[in-house]
2 protein chains.
Amino acid sequence: MNIPAKTVGESAVTRKCTHDYRVSCGNCRLNTLCLPLALDSADVERLDNIIQRGKPLQKGEHLYQEGVAFTAVYAVRSGAIKAYRVTDDGREQVTGFYFPGEILGMDGISKNAHACSARALETAAVCEIPFSHLQELSTQMPDLQRHFFQLMSREITEDQQLITLLSKNTAEERIAALMLSISSRNARRKLSATQFRLPMSRIDIGNYLGLTVETVSRVFSRLQKLEILEVSNKEIKILDLDALKEIANVHVCEDDE
Amino acid sequence: MNIPAKTVGESAVTRKCTHDYRVSCGNCRLNTLCLPLALDSADVERLDNIIQRGKPLQKGEHLYQEGVAFTAVYAVRSGAIKAYRVTDDGREQVTGFYFPGEILGMDGISKNAHACSARALETAAVCEIPFSHLQELSTQMPDLQRHFFQLMSREITEDQQLITLLSKNTAEERIAALMLSISSRNARRKLSATQFRLPMSRIDIGNYLGLTVETVSRVFSRLQKLEILEVSNKEIKILDLDALKEIANVHVCEDDE
DNA sequence: CAGCGCTATTGACCTGCATCAAGCCCCGCA
DNA sequence: TGCGGGGCTTGATGCAGGTCAATAGCGCTG
């Protein structure tokens, strides 16, 4: 309960683990790693030892770039990160937004080089988890191994949801689905599910959902006019959650377990 | 070199491992598992023991269905499988086509239930690899663990490529990319990279690429008229590979390693 | 080998989103 | 307080691809 992961921006005091977005979990290590993990204190200690501090990222700063050697995966502690790749014709495809409690970088494992770039959307604190250590520890801790298999599997199913979304859905459905996704991720962090600030620009949203800025903007306006959303720049307030779900009709995984 | 995986449809004789699409690899186990894996013969034996025969699937038959308990991942030995999910509004999104030497089913790990359905596009032989055994063995064989991390990571990067493709590319680019993908996967199996039979219908292609049947058909016609492809129903012949790559301009990963 | 059902092709038309083009708002800075 | 540049919004227009419809071809079965 009180051997929290090391993160820059947290004083020695906060290592007592009371905290904000991490309340959902009984165990500290687990907060960094996103899923319940039953470990004895010796294992917690060992795991703690491999998790590295990283200096906090400023807005726009890269966590890693496409093509660089893959050495670690990263857990977001605060702020928000976007992962993206740049296509040959110069377009940017955002492959994911990552919020506190989420892990990114697992795309790099297969080729020992990152397949995406990742940069901070706002000031962000991130934990680095060296992959070689993680692998080693995983052979000794079956639960940890299982945990990472699950995390990667989740990444796969989330990507597949995005594929489905991009495949045939209208602009409205895409935006609605994204808003619901952010909303439910907020809820899991015990933040408001109906009111939040978008850390990303309209361009980022467009590059994630396969839409142009103009369309994104128009959809927000339309949803505002319909009194489903209240939008003022980056501040979002969901006025009619059911209507939003109706529009998305894609069931945004309420993520059980 | 001669303790091949058990598969229905292979006689005891073929267990000598010379064979067809598997020639690329020096080691047999590796053929089932898709990546080079340096194992001593004792480990090979143990691995062999957990890989199960499955009865061959007839065209249209399900390997597993969305929502059913996840117990195993599957290696395709012959034929072709499509993985897909059905959206709330009844559309079918194909999430992947799987050919011999490829592994599917890893989407089920995170929730202990399959997130997709999988069915045979034509008669197919498949090996079942019970996941619980795989996990156990992985803790004892670090190479195997690494291997599966890599496989899952590869699935992630492939999904991300599809996301990019669906996001903003034209119908022509999508079809070209798919043809190139199939072509290079054939090449890896030492089959012709320029001439092959599509195991899936136009509908499946459409459901994979986010297009309607009509559009798929029109694009094939157009590419035929441009003398880039020769299409007769499911038989494809690539006449101008460079032009096709030009159109795709997305670099379809030639998959190193 | 005739007939049926399913898949594929082709054409005509329509629509949702991209594109192009202003204009606006917000915020930092002098 | 005024200026400039970025991000955001809104409008007008065009086009890729969806939709609807008709036909053609393939493969199965009796």
Side-chain angles (χ1 to χ4, degrees), chain A residues 58-60 82 87 89-94 119 121-123 165-179 197-226 229-236 247 249, chain B residues 58-60 82 87 89-94 119 121-123 165-179 197-226 229-236 247 249:
Chain A
Q58 294 310 308
K59 179 175 173 170
K82 76 166 171 184
T87 62
D89 52 333
R91 269 178 26 226
E92 177 180 312
Q93 176 63 46
V94 173
R119 77 161 54 175
L121 291 167
E122 56 192 12
T123 310
L165 196 64
L166 293 182
S167 186
K168 304 227 99 196
N169 290 35
T170 65
E172 242 130 41
E173 289 164 345
R174 298 180 200 197
I175 300 270
L178 177 59
M179 291 304 107
R197 183 182 162 80
L198 297 174
M200 72 292 279
S201 71
R202 298 287 191 267
I203 300 180
D204 289 330
I205 295 176
N207 288 342
Y208 178 65
L209 295 176
L211 301 170
T212 58
V213 210
E214 292 94 327
T215 303
V216 173
S217 181
R218 268 184 259 270
V219 170
F220 274 131
S221 301
R222 230 175 299 156
L223 293 178
Q224 171 131 260
K225 209 155 288 169
L226 293 169
L229 243 50
E230 194 179 303
V231 185
S232 88
N233 199 5
K234 312 224 162 179
E235 288 302 328
I236 300 286
I247 291 175
N249 83 34
Chain B
Q58 295 309 308
K59 179 176 173 170
K82 78 167 169 182
T87 61
D89 52 333
R91 268 178 27 225
E92 176 178 313
Q93 176 64 47
V94 173
R119 76 160 53 175
L121 291 167
E122 56 191 12
T123 310
L165 196 64
L166 293 182
S167 185
K168 303 227 99 196
N169 291 34
T170 65
E172 242 130 43
E173 288 163 345
R174 296 179 201 198
I175 299 270
L178 177 60
M179 291 304 105
R197 181 181 164 79
L198 298 175
M200 71 294 278
S201 70
R202 300 284 191 269
I203 300 180
D204 289 330
I205 295 177
N207 288 342
Y208 178 66
L209 296 176
L211 301 170
T212 59
V213 210
E214 293 94 328
T215 303
V216 172
S217 181
R218 270 185 258 270
V219 169
F220 275 131
S221 301
R222 230 177 299 156
L223 292 178
Q224 171 132 258
K225 208 156 287 169
L226 292 169
L229 244 48
E230 194 180 303
V231 185
S232 88
N233 199 4
K234 312 222 163 181
E235 287 302 328
I236 298 287
I247 291 173
N249 82 36

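Just so it is clear, the model here is predicted, and its values are computed rather than measured. In the text below, chain A, chain B and the rest are named by the order of the sequence lines, each starting its count at 1.
- For the pair B:Asn169 CG and D:dC15 P, the computed distance is 20 Å after rounding to whole Å.
- Put simply, the side chain of A:Arg202 never gets that close to the backbone of A:Lys234: no donor and acceptor are under 3.5 Å apart.
- Taken residue by residue, residues 200-210 of chain A places heavy atoms nearer than 4.0 Å to DNA chain C at A:Gly210.
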Decide yes or no on side chain to side chain contact (heavy atoms under 4.5 Å, CB included) for A:Glu173 and A:Leu209, but give the supporting numbers first.
CA-CA 10 Å; A:Glu173 289 164 345; A:Leu209 295 176; over 6 Å; no

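- Looking at heavy atoms from C-beta onward, A:Ile205 lies in side-chain contact with A:Leu198 at the 4.5 angstrom threshold.
- Residues of residues 212-224 of chain A that place a heavy atom closer than 4.0 Å to DNA chain C, in numerical order, are A:Thr212, A:Glu214, A:Thr215, A:Arg218.
- Atom CZ of A:Arg91 is separated from atom P of C:dT19 by 10 Å (rounded to the nearest Å).
- Contact of the B:Asn207 side chain with the A:Lys168 side chain is not registered, since no non-hydrogen atoms from C-beta on lie closer than 4.5 Å.
- A salt bridge is absent between A:Lys59 and A:Glu122; no separation between the charged side-chain nitrogens and carboxylate oxygens falls under 4.0 Å.
- At whole-Å resolution of the value, CG in A:Asn233 and C1' in D:dT10 are 16 Å apart.
- For the pair A:Phe220 and A:Val216, the minimum side-chain heavy-atom distance is below 4.5 Å.
- Computed from coordinates, the A:Ile175 CD1 to D:dC8 C1' distance equals 13 Å when rounded to whole Å.
- Ion pairing of A:Lys82 with A:Glu92 is present here, as a side-chain N (NZ or NE/NH1/NH2) and a carboxylate O approach within less than 4.0 Å.
- At least one side-chain nitrogen or oxygen of A:Lys234 sits closer than 4.0 Å to the OP1 or OP2 atom of D:dC8.
- Within the 4.5 Å cutoff, the side chain of A:Arg174 has no heavy atoms near those of the A:Leu178 side chain.
- Atom CG in A:Leu211 sits roughly 16 Å away from atom C1' in D:dT9 (whole-Å rounding).
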